[in-house]
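Input: a single structure, listed below in structure tokens.
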Protein chains: 2
Amino acid sequence: MVHMGGLRDSRVRSGNFMSVDNRKPLERADRVTIRTVAAHAGVSVAAVSKVMRNAYGVSDSLRAKVTGSIEELGYRPSRAARGLRGRTFTIGLLLVDIRNPFLPEVIAGVNAVLAPGHYQAMIGVGEARMQLETSLIESMIDYKMDGLILVAPRLPSEIITRFAAQIPIVAVGYHDPTADGFDTINADDQRGAEIAVESLLECGYRDIEMLSQLAREGHKVSVVRQREIGYRRAMQRAGFGSSAPITNIPLQSPRREETIRKFLTRSDRPRAIFCWSDIDAIVVMSMAAEMGVRVPEDLAVVGYDNSSTAALGLVNLASIDQSGRELGQTATRTLLSRIEGRSEAMHILQLPSLVTRRSLAG
Amino acid sequence: MVHMGGLRDSRVRSGNFMSVDNRKPLERADRVTIRTVAAHAGVSVAAVSKVMRNAYGVSDSLRAKVTGSIEELGYRPSRAARGLRGRTFTIGLLLVDIRNPFLPEVIAGVNAVLAPGHYQAMIGVGEARMQLETSLIESMIDYKMDGLILVAPRLPSEIITRFAAQIPIVAVGYHDPTADGFDTINADDQRGAEIAVESLLECGYRDIEMLSQLAREGHKVSVVRQREIGYRRAMQRAGFGSSAPITNIPLQSPRREETIRKFLTRSDRPRAIFCWSDIDAIVVMSMAAEMGVRVPEDLAVVGYDNSSTAALGLVNLASIDQSGRELGQTATRTLLSRIEGRSEAMHILQLPSLVTRRSLAG
DNA sequence: CCATTTGTGTAGAACGTTCTCCGTATAACG
DNA sequence: CGTTATACGGAGAACGTTCTACACAAATGG
């Protein structure tokens with residue numbers, strides 16, 4: 001249903017009766033520009049600009065006059081105009097897709113670091129499509145943003161390097177310790193997987209399997225792959241050979257459930273599993289409940305990401321926490337330092353930790 | 001106007017190595033501007049601009065030349081510069097906070113409508129703080145974005161109206177059918193609540209209560225309030241008087257759980273509840289499970305938003321679906337039409353539907 | 001054959017900043 | 001007193017677009 005509001009009013013408004021000039025489509029309120037401020041304060045445009053950027057060569061009295069006028073007129077510099085010459089004091093944040101439960105944490109971390117300063121974040125959502133991801137990065141460059149944080153980008157390293165020649169870039173959740181054009185901030189996914197396996201071993205489980213995800217296009221040394229490496233290493237160290245079993249769960253919906261069901265009914269189903277992500281772990285637990293497989297009595301589960309859903313009493317899933325918040329904070333600080341001029345690449349690894357819950361049968 | 005000799009010139013220009021001038025701190029790759037394209041195609045800057053905007057007065061041969069050069073040089077217009085004069089072909093999307101599970105759907109809807117055109121969305125996250133929300137809106141205006149979609153903004157209507165004088169605005173999840181400066185797109189929250197109550201009544205429950213949320217500052221006719229109205233109306237229609245019981249669940253963590261626990265142990269605890277949001281419903285179900293209150297045998301639950309968590313087998317929560325995706329699509333189309341020049345306000349209501357699951361004991 | 005229209009392209013002024021030079025006034029120094 | 005620093009403030013050229021106004025040619029009309 002459609003309600004239209006204020007019909008009578010809008011006739012008057014669109015009548016625009018006071019102005020004969022009807023050529024301009026939208027007669028938005030006159031903008032307060034740096035010139036308005038200069039005139040109001042009785043100084044030059046350059047002077048106002050100096051005050052804004054608190055540059056050298058401004059007396060206290062001038063500063064007072066200008067800030068007074070700025071306050072009084074409610075002046076805000078145009079980011080568009082700034083972009084044409086200097087900094088915009090905006091950073092771009094590119095997310096793969098928003099459904100991933102640990103992204104909100106990253107955003108919160110970014111905002112926490114940015115809030116005290118005059119910087120702001122603009123977010124783009126790539127929806128896991130390389131095409132869209134690329135064009136969003138280009139847009140952010142075209143807006144002359146001061147720097148970019150890419151979270152779990154799908155793009156290959158060479159392309160990111162090429163972009164990094166045009167704008168400072170920090171990648172989060174993207175392993176490439178050899179990159180020298182941009183920085184990377186990661187949780188130590190190998191170590192995280194090891195911790196997960198070790199916790200299962202400590203609880204006495206020996207029959208362990210990993211549920212993973214098939215390789216995606218784009219980046220080859222993906223986060224998932226890192227976790228597989230960690231899993232295998234921990235298993236080998238515990239004496240289970242170098243090729244501990246991994247089952248891949250498809251992403252699309254019909255085959256996905258099918259694969260999980262098959263796994264749960266397998267006669268040689270393992271006693272414990274490590275899932276590359278809570279997203280999968282929770283679906284497995286849900287289907288297990290429906291099929292009468294008890295967690296943790298019949299199947300112990302450890303997930304990854306410590307999503308808010310995992311913490312729910314109904315779910316109670318033990319999970320590896322990689323503190324997205326801290327990842328976001330570190331990434332932001334790293335980006336700001338690069339904007340300030342640093343040119344050698346930094347590659348930071350952060351230590352994840354286990355949050356133990358009922359699915360692990362502490 | 002200087003016509004440069006095409007390719008050779010540009011090669012010489014990018015061969016910056018002969019210049020000793022090293023004062024510029026960052027020597028980012030030379031940008032391809034509209035001038036580069038004009039020179040390469042051997043036409044004027046104005047001509048290139050015309051082709052870009054496909055304005056009137058361009059011959060086929062000119063167009064061919066220009067598009068050829070654009071292609072060859074990989075030219076992308078600067079959004080910053082565009083913002084200074086014309087459109088940026090970007091819309092701003094302002095979200096309260098990302099944790100709310102139905103926001104990803106809205107974003108997907110927006111992107112779906114935008115993708116075919118040349119428009120793009122930039123997202124800001126207000127984190128439910130009026131201060132941050134305001135400054136993000138201002139930033140988006142300062143970037144000269146073409147329009148704004150505000151999702152569940154906290155700001156009072158008058159302030160939004162004031163912003164709407166500067167930029168086209170569409171509000172989603174914000175009830176104000178009298179606003180004539182901006183458009184609103186909503187699910188019919190009153191009707192949604194009625195549907196929820198009716199479904200409980202149909203299952204035979206008579207002893208029904210609503211779990212709601214205390215009024216937030218900012219907007220008075222909030223979404224939550226609408227749902228309360230619908231709940232009361234449906235209860236009254238069923239013959240339960242005009243003031244059916246409502247319990248408010250606090251937001252902050254210690255008092256929140258405390259209140260829910262108290263509710264669950266109440267001697268006159270109702271047989272069925274309607275929760276204003278899945279967020280609360282799921283916590284109630286989790287705590288109920290821990291306390292031995294069986295859902296739905298002891299307590300039937302209907303939530304709101306049909307979040308992905310509600311759909312999990314472990315949760316299985318019946319919920320009202322308000323199709324965030326469609327909301328996002330409609331909002332985007334509405335905004336685009338306003339950008340095209342419409343000036344009368346539109347207020348659209350969309351019909352929600354019930355997704356029945358185990359918590360309702362179909 | 002002149003006047004008018006139509007089609008095509010260009011010049012150049014915005015847009016709102018930043019930032020490099022340059023003046024000028026005052027202070028410091030010899 | 002002359003010279004040189006030093007502090008302060010301003011002029012004006014970018015930045016990369018859009019878009020109005022205009023020039024010119026060819027086509028049309030009388």
Side-chain angles (χ1 to χ4, degrees), chain A residues 21 23-26 28 30-39 41-66 70 73 75-90 118 139 141-146 166, chain B residues 1-3 21 23-26 28 30-39 41-66 70 73 75-90 118 139 141-144 146 166:
Chain A
D21 183 347
R23 284 163 305 186
K24 294 279 179 213
L26 356 147
R28 304 267 172 218
D30 282 330
R31 181 157 188 125
V32 175
T33 77
I34 198 172
R35 249 178 272 283
T36 323
V37 177
V43 298
S44 74
V45 169
V48 179
S49 176
K50 273 189 181 176
V51 171
M52 292 294 301
R53 302 173 280 130
N54 47 52
Y56 173 82
V58 180
S59 69
D60 285 353
S61 76
L62 177 71
R63 181 182 307 282
K65 265 191 297 186
V66 171
I70 288 176
L73 298 171
Y75 165 69
R76 301 190 318 259
S78 152
R79 302 221 174 207
R82 274 192 159 166
L84 220 45
R85 292 247 61 210
R87 297 204 181 160
T88 53
F89 295 102
T90 307
H118 36 202
S139 275
I141 293 174
D142 297 345
Y143 263 120
K144 277 275 175 66
M145 295 188 171
D146 295 344
Q166 303 174 60
Chain B
M1 170 73 223
V2 188
H3 286 251
D21 185 345
R23 283 165 307 187
K24 294 279 180 220
L26 1 145
R28 305 265 173 216
D30 281 330
R31 177 151 193 130
V32 175
T33 78
I34 199 173
R35 254 181 264 290
T36 323
V37 177
V43 299
S44 74
V45 169
V48 179
S49 176
K50 271 189 180 178
V51 171
M52 291 295 299
R53 302 173 279 132
N54 47 51
Y56 174 82
V58 179
S59 69
D60 286 353
S61 75
L62 178 70
R63 181 183 307 281
K65 265 192 297 187
V66 171
I70 288 176
L73 298 171
Y75 166 69
R76 300 188 321 256
S78 151
R79 303 222 173 206
R82 275 191 159 166
L84 221 44
R85 294 244 61 208
R87 298 203 180 159
T88 53
F89 295 101
T90 307
H118 37 203
S139 274
I141 293 174
D142 298 343
Y143 263 120
K144 279 272 176 64
D146 295 345
Q166 303 175 60

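Throughout, protein chains are lettered first and strands after them, A, B, ... in sequence-line order, and every chain is numbered starting at 1.
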B:Lys144 backbone acceptor or donor facing B:Arg82 side chain under 3.5 Å: no

Which nucleotide sits closest to the side chain of B:Ile34: C:dT17, D:dT18, D:dG10? D:dT18

Distance, rounded to the nearest Å, where B:Asn54 contributes CG and D:dC19 contributes C1': 15 Å

Taking any heavy-atom pair under 4.0 Å as a contact, classify B:Arg76: base, sugar-phosphate, or nothing. sugar-phosphate

Candidate nucleotides D:dG9, C:dT17, D:dT17, ranked by approach to the side chain of A:Arg82 - the nearest: C:dT17

For the CZ atom of B:Arg31 and the CG atom of A:Asp142, what is their distance to the nearest 0.5 Å? 4.5 Å

Give one of base, sugar-phosphate or nothing for A:Lys50, where a contact means two heavy atoms less than 4.0 Å apart. base

d(CZ, B:Arg79; C1', D:dT17) in whole Å: 13 Å

DNA chain D: 5'-proximal contact among A:Ser61 and A:Val45 (nearest heavy atom): A:Ser61

Check: A:Arg85 side chain, C:dT17 base, donor-acceptor under 3.5 Å: no

Nearest listed nucleotide, side chain of B:Leu84, among D:dA7, C:dG16, C:dT10: C:dG16

Rounded distance [0.5 Å steps], CZ in A:Arg63 versus NZ in A:Lys50: 11.0 Å

Would you tell me if any nitrogen or oxygen in the side chain of A:Tyr56 comes within less than 4.0 Å of OP1 or OP2 on C:dT20? no

Residue B:Leu62, side-chain atoms from C-beta onward, closest of C:dG9, D:dG16, C:dT17: C:dG9

Separation of C:dG16 atom P from B:Tyr143 atom OH, nearest Å, is 17 Å

Which part of the nucleic acid, if any, lies within contact of A:Arg35, taking any heavy atom under 4.0 Å across all strands shown: a base, the sugar-phosphate backbone alone, or nothing? base

What closest approach, in Å, do B:Tyr75 and B:Ile34 show between heavy atoms, and which atom pair accounts for it? CE1-N, 3.6 Å

Quickly work out the A:Tyr75 OH to C:dG16 C1' distance and round it to whole Å. 7 Å

Can you figure out which of D:dT17, D:dG10, C:dT10 approaches the side chain of B:Val43 most closely? C:dT10

Taking C:dT18, D:dG9, C:dG16 as options, the one with an atom nearest any side-chain atom of A:Thr33 is C:dG16

Tell me which nucleotide among C:dT10, D:dT17, C:dT17 gets nearest to the side chain of B:Ala46. C:dT10

Atom pair CE (A:Met52) and NE2 (A:His118), whose distance is rounded to the nearest 0.5 Å: 10.0 Å

Whole angstrom value for the distance that separates P of D:dT17 from CZ of B:Phe89: 13 Å

Would you say A:Ser78 places a side-chain N or O within less than 4.0 Å of OP1 or OP2 belonging to C:dG16? no

It should be established whether A:Ser59 places a side-chain nitrogen or oxygen under 4.0 Å from OP1 or OP2 of nucleotide D:dA7. no

Would you kindly compare B:Lys144 and B:Lys65 by the position of their nearest DNA chain C nucleotide and give the one closer to the 5′ end? B:Lys65

Short side-chain to backbone donor-acceptor contact, A:Arg79 and A:Met145, under 3.5 Å: no

Between D:dT18, C:dT17, C:dT10, which nucleotide has the shortest distance from any of its atoms to the side chain of B:Arg53? D:dT18

In whole Å, what is the span from the CZ atom of A:Arg63 to the P atom of D:dC8? 10 Å

Under 4.0 angstrom, heavy atoms only, what part of the nucleic acid is A:Ser49 near: base, sugar-phosphate, or nothing? base

